[in-house]
Novice: 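Have a look at the structure that comes next, please.
Quick caveat, the model's predicted, so the values are computed rather than measured. In what follows, chains carry the letters A, B, and so on, assigned in the order in which the sequence lines appear, proteins first and then strands, with residues in each chain numbered from 1.
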Amino acid sequence: MGRLSPSFFARDTLAVARDLLGQRLVRIVNGRRLSGRIVEAEAYVGEDDLACHASRGRTRRTEVMYGPPGHAYIYFIYGMYHCLNVVTEAEGFPAAVLVRALEPEEGIADMWAYRGCQDERELTSGPGKLCMALQIDRRLNGIDLCDHGELFLEEGEPIAPHRIATSTRIGIRVPGWAAEAPWRVYVADSPFVSGAPRRATHRAMR
DNA sequence: TATACGATCACCT
DNA sequence: GGTGATCGTATAC
């Protein structure tokens, strides 16, 4: 399987978010492959987007988002969870896609152990959950996903456009348009998106 | 140095 | 529907 290349990520962030649906996130742990197809993602775009961590400028934390596309921006949140993003757009412009949910494929037995849950839909149906299931933490912050041995992205089958829906981003409470921007994309009929099962409230993309 | 809070989750009613 | 856990980060003193 081919890996996604830097040119895939050096594009408009919303386009990257949409095109990441169906691609395979792969993590190697103890020589074993843990993987799943991406079914939910969110775009965070530049300093003008108040929901984006870079809205407060360039700091040690946000440094990676200003760097080259295709690198991993991994942050620690709520004292106990990690979230995985992929840096997008040209180097120097801070933007990234948050990977919010996967459909588990390989290494599911290992994911059970790392997650300690009973329902397969709970393994990777949220940004914090998928980082637990795939043993992703800040030690991997800043790595190049296009050239790394233990965390990378492989080409998967594309998702048909009529299966893709959009919504506002989850957990965003900021003033202005950022809270209303429909920059979450997900596979509408997947049981593995966060919060599923849910009623479809947003129309599919054209 | 001190403090408030978050791109979440699990468990409660 | 609601809330506590738990700590790095940004920001204020």
Side-chain angles (χ1 to χ4, degrees), chain A residues 9 12-14 16-18 20-21 25 36 38-67 69 71-89 93-102 104 111-142 145 151 165-187 191-199 201-202:
Chain A
F9 301 102
D12 171 78
T13 305
L14 200 49
V16 175
R18 183 190 63 225
L20 273 174
L21 298 179
L25 178 67
I38 297 173
V39 294
E40 179 180 349
E42 286 175 352
Y44 289 86
V45 189
E47 296 179 347
D48 294 337
D49 174 6
L50 290 186
C52 181
H53 290 164
S55 65
R56 305 200 180 230
R58 193 168 188 150
T59 66
R60 185 171 9 251
R61 182 202 205 189
T62 60
E63 186 66 29
V64 175
M65 269 202 282
Y66 289 80
H71 286 227
Y73 167 46
I74 298 166
Y75 64 88
F76 185 61
I77 190 70
Y78 296 113
M80 54 187 113
Y81 301 113
H82 296 274
C83 293
L84 169 68
N85 298 251
V86 183
V87 175
T88 59
E89 314 240 7
F93 183 84
V97 172
L98 171 66
V99 179
R100 285 195 56 92
L102 306 175
M111 295 188 204
W112 289 123
Y114 298 137
R115 285 281 292 126
C117 65
Q118 301 282 320
D119 184 340
E120 183 164 352
R121 289 169 302 187
E122 292 294 315
L123 284 177
T124 53
S125 56
K129 295 177 190 177
L130 73 88
C131 283
M132 283 186 255
L134 271 57
Q135 297 286 283
I136 293 168
D137 62 36
R138 279 179 309 166
R139 287 174 293 188
L140 292 162
N141 186 39
L145 293 162
L151 184 64
T166 66
S167 80
T168 56
R169 293 171 290 183
I170 304 288
I172 300 300
R173 295 185 307 275
V174 295
W177 56 264
E180 304 302 322
W183 287 356
R184 171 176 176 250
V185 295
Y186 60 101
V187 179
F192 296 97
V193 300
S194 64
R198 72 173 64 229
R199 201 178 92 233
T201 53
H202 303 276

Novice: Given atom CD1 of A:I74 and atom P of C:dG8, what is their separation to the nearest angstrom?
Specialist: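 Atom-to-atom, A:I74 to C:dG8, this comes out as 16 Å.
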
Novice: Mind checking if A:G128 touches a base, just sugar-phosphate, or nothing, with heavy atoms under 4.0 Å?
Specialist: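 Sugar-phosphate, no base atom in range.
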
Novice: Between atom CE of A:M65 and atom CD of A:E89, what is the distance when rounded to the nearest 0.5 Å?
Specialist: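 Spacing of CE (A:M65) from CD (A:E89) equals 12.0 Å.
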
Novice: Are the side chains of A:R169 and A:Y44 in touch, meaning some heavy atoms are under 4.5 Å apart?
Specialist: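 Contact flag for A:R169/A:Y44 side chains = yes.
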
Novice: In this structure, how many angstroms lie between the P atom of B:dG6 and the CE atom of A:M80, rounded?
Specialist: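 Rounded to the whole Å, the gap is 15 Å.
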
Novice: Rounded to whole Å, please give me the gap between CG in A:L123 and C1' in B:dC9.
Specialist: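 One finds 14 Å between C1' of B:dC9 and CG of A:L123, rounded.
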
Novice: Taking atom C1' of B:dC9 as reference, at what distance in whole Å does atom CG of A:L130 sit?
Specialist: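 Distance check: A:L130 CG to B:dC9 C1' gives 13 Å.
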
Novice: Need one value for A:R60: base, sugar-phosphate or nothing, where a base atom within 4.0 Å counts as base even if backbone is also close, heavy atoms only.
Specialist: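 Nothing: the residue A:R60, judged by heavy atoms under 4.0 Å, touches no strand.
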
Novice: Out of B:dG6, B:dC9, C:dG8, which has the shortest distance to the side chain of A:F76?
Specialist: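 My answer, after comparing the listed nucleotides, is C:dG8.
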
Novice: Return the nearest nucleotide to the side chain of A:R138; candidates are C:dT9, C:dT6, B:dA7.
Specialist: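 From the listed options, C:dT9 comes nearest.
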
Novice: Under 6.0 Å from the six-membered ring centre of A:Y186 and within 45° of its axis: does the NZ or CZ of A:R100 meet both?
Specialist: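 Not satisfied by the 6.0 Å and 45° rule.
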
Novice: For the side chain of A:H53, starting at C-beta, report the closest nucleotide among B:dA7, C:dT11, C:dT6.
Specialist: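 Closest nucleotide to the A:H53 side chain: B:dA7.
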
Novice: Out of B:dG6, C:dT11, B:dA7, which nucleotide sits closest to the side chain of A:Y78?
Specialist: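 So the side chain of A:Y78 is nearest to B:dG6.
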
Novice: In whole Å, I'd like the distance from the OH atom of A:Y75 to the P atom of B:dT8.
Specialist: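 My rounded result for the distance is 6 Å.
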
Novice: Can you check the A:Q118 CD to B:dA10 C1' distance for me, whole Å?
Specialist: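 Value for this atom pair: 14 Å.
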
Novice: Counting any heavy atom closer than 4.0 Å, what does A:R56 reach on the DNA or RNA strands: base, sugar-phosphate only, or nothing?
Specialist: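 Sugar-phosphate contact only.
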
Novice: Watson-Crick or G-U wobble partner for B:dC9, using a 3.5 Å limit on both distances?
Specialist: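 C:dG4 is the nucleotide pairing with B:dC9.
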
Novice: Which nucleotide sits closest to the side chain of A:Y44: C:dA5, C:dC7, B:dA7?
Specialist: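 The closest nucleotide is B:dA7.
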
Novice: If you only use heavy atoms from C-beta on, which nucleotide in B:dA7, B:dC9, C:dA10 is closest to the side chain of A:R115?
Specialist: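 Selected nucleotide (nearest to the side chain): B:dC9.
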
Novice: Round to a whole Å and report the spacing from CD1 of A:I77 to C1' of C:dC7.
Specialist: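 Those two atoms, CD1 and C1', are 10 Å apart.
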
Novice: Distance check needed: B:dT8 C1' versus A:Y81 OH, whole Å only.
Specialist: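 After rounding, the gap between these two atoms is 6 Å.
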
Novice: Using the ring of each side chain (for Trp, its six-membered ring), is A:H82 parallel, tilted or perpendicular to A:F76, with breaks at 30° and 60°?
Specialist: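 The rings of A:H82 and A:F76 sit tilted, inter-plane angle from 30° to 60°.
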
Novice: 5'-most contact on DNA chain B: A:R173 or A:P127, nearest heavy atom basis?
Specialist: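 It is A:R173 whose nearest nucleotide is closer to the 5' end.
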
Novice: Roughly how far apart are A:T13 OG1 and A:L20 CG, rounded to 0.5 Å?
Specialist: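 A:T13 atom OG1 to A:L20 atom CG measures 10.5 Å (nearest 0.5 Å).
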
Novice: Can you identify which nucleotide, out of B:dC9, C:dA10, B:dT8, has its nearest atom closest to the A:T59 side chain?
Specialist: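 Output: C:dA10.
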
